[in-house]
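To find a chain, count down the sequence lines: A is the first, B the second, and so on, and within it residues start at 1.
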2 protein chains.
Amino acid sequence: MVEYTQRTDRPAMSEWIEQMAAYFESTEGMPLIAGRVLAFLLICDPPERTAAELSHALSASTGSISTNVRFLVRLGIVSKTTRQGREAALYRVEEHRWPELVSARMHRMVELESLIDSGLRMFSGQGERARRLRTVHEFYQWLSEEIPELWRRWERDSRRRS
Amino acid sequence: MVEYTQRTDRPAMSEWIEQMAAYFESTEGMPLIAGRVLAFLLICDPPERTAAELSHALSASTGSISTNVRFLVRLGIVSKTTRQGREAALYRVEEHRWPELVSARMHRMVELESLIDSGLRMFSGQGERARRLRTVHEFYQWLSEEIPELWRRWERDSRRRS
DNA sequence: TTATGGTTTCAGTGTCGAACGAAACCGATC
DNA sequence: GATCGGTTTCGTTCGACACTGAAACCATAA
């Protein structure tokens with residue numbers, strides 16, 4: 001008889017997981033299963049799980065778990081640990097990495113600055129064309145100073161807290 | 001003989017438009033055509049265009065232009081103006097709205113706080129489970145104070161500039 | 001009223017990617 | 001060696017959605 005390792009206990013728990021997955025799907029474009037794995041790893045006890053356990057707990061195919069877990073590892077929010085004498089790899093969420101991910105997301109937003117910039121150089125001659133671009137550009141110039149500043153502040157504040 | 005209203009003049013221009021569209025597709029999940037329309041409206045001269053002109057300039061079907069222009073209008077970054085005595089509506093980019101859009105995007109990121117919060121309440125009993133959630137929660141608590149602050153600063157700085 | 005741009009609606013097409021499940025693979029144990 | 005979990009690879013299915021093009025629609029001008 002198989003001992004299923006703690007399925008998503010109560011309905012409330014699996015509902016919370018679904019909401020998390022839905023959030024990541026809609027705002028980050030993350031596959032549903034990846035979001036479920038991430039959410040589950042945040043609250044499962046013990047915190048380390050094998051791919052097989054994830055597959056059982058979330059009733060997703062082993063194939064899907066494999067690709068999505070790899071996705072999360074590449075993202076940097078989940079880590080894979082192996083031990084000798086134990087064939088199964090263990091996955092756990094690296095929750096302290098969360099701020100880095102959000103930071104990276106914001107930096108990608110600011111990346112648009114360089115594109116706007118090149119457009120501005122390209123059409124600098126024409127007054128009206130440049131006007132609209134300049135308005136957007138001024139904003140990104142401001143933002144691209146503020147965002148790094150924001151994360152320096154986070155470093156400082158979180159260091160102080162601990 | 002038909003007078004095409006200024007197709008994407010030089011190859012450099014249409015390439016810039018493609019890069020913009022690609023950016024919005026990859027980081028915002030925006031349809032390619034919507035990104036093209038947005039980019040084109042940022043640099044076209046004169047700045048107001050009819051749907052038919054957009055269709056010509058970007059060689060996209062009128063149907064696609066219709067749906068994507070509506071999408072951009074609903075987003076708030078493009079406006080539609082009609083005049084009496086003129087059946088064609090004119091579209092123009094509302095470049096001063098750009099900061100609002102970026103702000104909205106960031107606020108959606110912060111929305112995760114409430115979900116994490118509810119999870120935290122749900123599992124507050126168990127020590128280990130709550131630990132990971134609390135780490136993430138502390139970050140979002142900090143962030144959800146900083147983000148509104150950031151935009152207050154933008155209001156202030158941009159007012160000063162003008 | 002009819003004719004003339006222009007715009008929207010809608011059904012159909014093609015593409016992309018999420019998810020599955022079976023087969024292959026890999027390490028460790030017996 | 002063979003066996004046994006566990007993991008990855010891979011071909012396939014399925015659904016979503018971007019895009020098209022033609023038909024319907026609408027407002028103005030003749």
*Starting from C1' on C/dA19, measure out to CE on A/Met30 and report it in whole angstrom.*
16 Å

*Separation between SG of A/Cys44 and OH of A/Tyr91, rounded to the nearest 0.5 Å*: 14.0 Å

*Which value, rounded to the nearest 0.5 Å, describes the distance between A/Gln19 atom CD and B/Leu112 atom CG?*
11.0 Å

*Using whole Å, report how far CG of A/Leu58 lies from P of C/dC20.*
10 Å

*What is the distance from atom CE of A/Met106 to atom CZ of B/Arg105, rounded to the nearest 0.5 Å?*
9.5 Å

*Return the value, rounded to whole Å, for the distance between atom CZ of A/Phe71 and atom P of D/dT8.*
16 Å

*Round to the nearest Å and state the distance from A/His56 atom NE2 to C/dG21 atom P.*
13 Å

_N or O in side chain of A/Lys80 less than 4.0 angstrom from D/dT8 OP1/OP2_ = yes

*asked:* Output one letter per nucleotide in nucleotides 9-23 of chain D: B when a protein non-hydrogen atom lies under 4.0 Å from the base, S when only the sugar-phosphate is that close, - when neither is.
replied: B---------SBB--

*Using a strict cut-off of less than 4.0 Å between a Lys/Arg side-chain nitrogen and an Asp/Glu carboxylate oxygen, indicate whether A/Glu128 and A/Arg131 qualify as a salt bridge.*
yes

*For the pair made of CD in B/Glu25 and C1' in C/dT15, what is the distance, rounded to whole Å?*
12 Å

*What distance separates B/Ser114 OG from B/Leu120 CG, expressed to the nearest 0.5 Å?*
12.5 Å

*asked:* Could you measure the distance from the CE atom of B/Met20 to the CG atom of A/Leu115? Nearest 0.5 Å is fine.
replied: 6.0 Å

*Given atom OH of A/Tyr91 and atom P of D/dG6, what is their separation to the nearest angstrom?*
12 Å

